[in-house]
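Nothing fancy with the numbering, it's 1 onward along the sequence.
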Amino acid sequence: MDQTSIQTVTAIQIGMMRATQPHVRGQHSKMHGCLNAVVDVLPVDAGYRHGLFASPGRYEALVRFSNGREADDRNPDIHGMAIKVFGVSGDKAHVDGPEGEQDFILADNPVFFIRTAEDYAIFMQSLAQNAPQGRPPVEFIEHLSKAHPEDILVLQAFNKHLQTSPLTAAYWGQVPYALGASINTACRYRAVPQSGIEAGVAGDSHDYLRERMASRLAPEAAPVVFDFQVQVRHDASAEVVDNPTVEWDAAFVSVATITIPPQIFDTRERHSFGEKLRFSPWHALMDHRPLGQVNEIRKVVYPASQVERARIAPIGQDSLRLTMEELRANIDDDFKAVIDRLSRTFGYLSHTKRGRGTHTWGVAGRGTARFIVDPKFPANDFFSAGRELPVILRHSSPGAREDDRARDGVAASIKFFPQGNGYEGSGVLDILMNAGRQLFVRSIQDFSTFVHASAEERKELVKQGIMMEPELIEAYRIRGSFLDSRYHTWQCFEFFDLGGARSFIKFRLIPGDRGADRGLPEPGFRAEGAPSMDPEPDDPRAPDFLRQEWIYQVRHSQVRYILQAQLHPEPEDVNPNHEVLNPGRAWDEHQYPWLDLCEIGISEPIMDNDLVSALDMTPNRSPACIKIPLATSPTQYASLGHARALVYPGARAVRAASAPPQNN
């Protein structure tokens, strides 16, 4: 067995988990449902009486249905059926396997598309390189064309399945397993619905597979029954075992039934339970031990992935104002698709940069916020005159360029900590701000279009009005010091006073001397859709001059800021697409004046790069008086802040899991 290839596959699998959605499984991450089931072992001929099938009996079980990679059920994919049987007895196939459990891992394609550990390593390397850009694994296809040209069609057909319902599809084990002690006997598994297989007909919904399954298993419905079958070969040579890309011509024989009774599984509690389950082909009895190189890879990759998932799942999830369930509750399919794409993109960026996908390079310091709340500001549960709280403030360049000389904007983020805890923990309020009074797009749909466009395409987006050139130019700074600028939140938040009355709020951070916004580009400057640009070739300054200048100021002078708020009364007809929520529009400062909230003094730069890298900032971390407005569609004005709250925790976990040293 090629141990180097197995190590390569494992490392890439973990890396891809970190680069997409690290709190979910490396494969088959989208679960349609985790269902209670009963497995009834049938009386069978002597040749099949091994392990679980040694004698008739009834066992409790769980069945997890899933997509292979796609978040949108309407897209073709490979789909999984993982079965966990409880109460089994016998010697285990793997010393670390759980007691009394037998797992069967199946998918809705008869064969697998990889033969050896070397093939698997080449595939994973190619997938990691191409998948984030939406390209096929080109290098692996080239490898197959030379080594196994007949397998190219197997690869192309592998994940091209549409299902009518998870409950009306057939599933195969794909790779071989033992059946008893004989080294010459191998089998494959299959599960077939007794009601018949239905041809794939996609639904209208992003989550139609779960929805159809929930409808089919509603109370008073008839149970769903699968026949569980084995296909046996008694000539299990290495050539047979290590080629799961071809179907066998042996007959399938039913050895058990799987009965799924009517049940309510579409709940938050059940979903959480299902996500915590661990499945592996090596959770097996010795009589059903996995065979072949693909299964040997799984012996290493599965537990490594499970440990990684458990380790980083909680990262970025603490002290949040709204739960992920609340954020996802009412969004439509188009919104889900945008979130899925942005999550992959920013996860990939965070992984490849070993830091933040944007605002990668920055500098931070510790200090104190002294609350000087304007008397006209409504009474609330957080901002009250006289308080003093610890804060960490981080400045950064919005782009991902390490060179401070790059032509770009500037940004500031503040994390407030509770009194008495110092600077430990996740904090109680994060405020994220950028130079410029407003954003250069109006919705998360437009933002996603911008993010995934080329430089030339962005010029066209400006012409089409999707990107707003004046607003983009206003965010640029001819940068001399982080202390020269005023910073704005762009998006507004809901604000609740002590009486429960709602209004809307924006924040800004200004220099402590209340000085003007400095460093705006000259009138002839043009961005043409570019959010940042290379440095001018004759710029004589050091590549880290902004960061070093700020550190010097903190060490040798009084670095002070004023945090202010702008309040807008709730309009009578407010909705997720009301103009008050438009991130591309600044509120009138005369009609809605800025009110002081607190004076912030920074007394100590944070020189530990790891501590700066670990800072977790999200607009969804706030006290009860502040909440992100929610949207239902990606075209609505409220969608931008809503989407950030959904995407940031995953990107944060990716960043936390990246290999050291991490960029700050």
Do [X] and [Y] make a side-chain contact, defined as non-hydrogen atoms from C-beta onward lying under 4.5 Å apart?
| X | Y | result |
| --- | --- | --- |
| Phe504 | Glu570 | yes |
| Ile331 | Thr632 | no |
| His359 | Met617 | no |
| Glu460 | Ile466 | no |
| Phe495 | Ser503 | yes |
| Arg541 | Glu549 | no |
| Lys506 | His568 | no |
| Val580 | Trp587 | yes |

[atom2] on [Y] to [atom1] on [X], rounded to 0.5 Å:
| X | Y | atom1 | atom2 | result |
| --- | --- | --- | --- | --- |
| Asn620 | Leu320 | CG | CG | 5.0 Å |
| Ile628 | Glu494 | CD1 | CD | 9.5 Å |
| Glu604 | Thr368 | CD | OG1 | 10.5 Å |
| Trp594 | Phe507 | CH2 | CZ | 9.0 Å |
| Leu461 | Met467 | CG | CE | 6.5 Å |
| Ser639 | Arg442 | OG | CZ | 12.5 Å |

Determine whether a donor-acceptor pair (N or O, by modelled atom type, separation under 3.5 Å) exists between the side chain of [X] and the backbone of [Y].
| X | Y | answer |
| --- | --- | --- |
| Asn575 | Asp573 | yes |
| Arg407 | Pro535 | no |
| Glu402 | Trp361 | no |
| Arg321 | Ile626 | yes |
| Tyr423 | Gly367 | yes |
| His206 | Asp334 | no |
| Asp497 | Ala501 | yes |
| Trp490 | Leu432 | no |
| Ser443 | Asp446 | yes |
| Asn577 | Tyr637 | yes |

Quick one: closest heavy-atom pair of [X] and [Y], and the distance?
| X | Y | answer |
| --- | --- | --- |
| Leu389 | Arg387 | CD2-NH2, 3.7 Å |
| Arg644 | Pro619 | CB-CG, 4.0 Å |
| Pro634 | Val338 | CB-CG2, 3.9 Å |
| Leu615 | Ala364 | CD1-CB, 4.0 Å |
| Leu472 | Ala530 | CD2-O, 3.7 Å |
| Phe417 | Gly427 | CD2-CA, 3.9 Å |

Is the gap between the ring centers of Tyr487 and His395 under 6.0 Å?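 Centroid distance Tyr487-His395: below 6.0 Å, so yes.
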Angle class for the Phe371/Phe383 ring planes (parallel below 30°, perpendicular above 60°, tilted otherwise)?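 Correct class here is tilted.
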SB check [X] [Y] (cutoff 4.0 Å):
| X | Y | value |
| --- | --- | --- |
| Arg514 | Asp596 | yes |
| Lys30 | Glu70 | no |
| Arg486 | Asp517 | no |
| Asp404 | Arg547 | yes |

Full working for side chain to side chain donor-acceptor pair (under 3.5 Å) between Arg341 and Ser448: CA-CA 8 Å; Arg341 189 178 190 194; Ser448 180; 4.7 Å; no
Pick from Asp73, Asp72, Asp207: which one makes a salt bridge (Lys or Arg N to Asp or Glu O under 4.0 Å) with Lys336?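 Considering Asp73, Asp72, Asp207, a salt bridge (Lys or Arg N to Asp or Glu O under 4.0 Å) with Lys336 is found only for Asp207.
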Which residue is it: Glu474, Gln491, Glu471? I am looking for the one with a side-chain hydrogen bond (donor to acceptor under 3.5 Å, both in side chains) to Gln438.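 Checked Glu474, Gln491, Glu471 against Gln438; only one passes side-chain hydrogen bond (donor to acceptor under 3.5 Å, both in side chains): Glu474.
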Got more than 12 heavy atoms from elsewhere within 6.0 Å of [atom1], [X]?
| X | atom1 | result |
| --- | --- | --- |
| Asp608 | CG | yes |
| Gln464 | CD | yes |
| Glu325 | CD | yes |
| Phe525 | CZ | yes |

Arg356 and Ser396: side-chain donor and acceptor closer than 3.5 Å?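 Absent: no donor and acceptor within the cut-off.
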Arg479 and Ser397: CA distance, side-chain angles, deciding distance, side chain to side chain donor-acceptor pair (under 3.5 Å) verdict: CA-CA 10 Å; Arg479 302 184 294 184; Ser397 302; 2.7 Å; yes
A cation-pi test, strictly: NZ or CZ of Arg477 under 6.0 Å from the centre of the six-membered ring of Phe482 and no more than 45 degrees from its axis. Yes or no?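 The answer is no; the distance or angle limit is not met.
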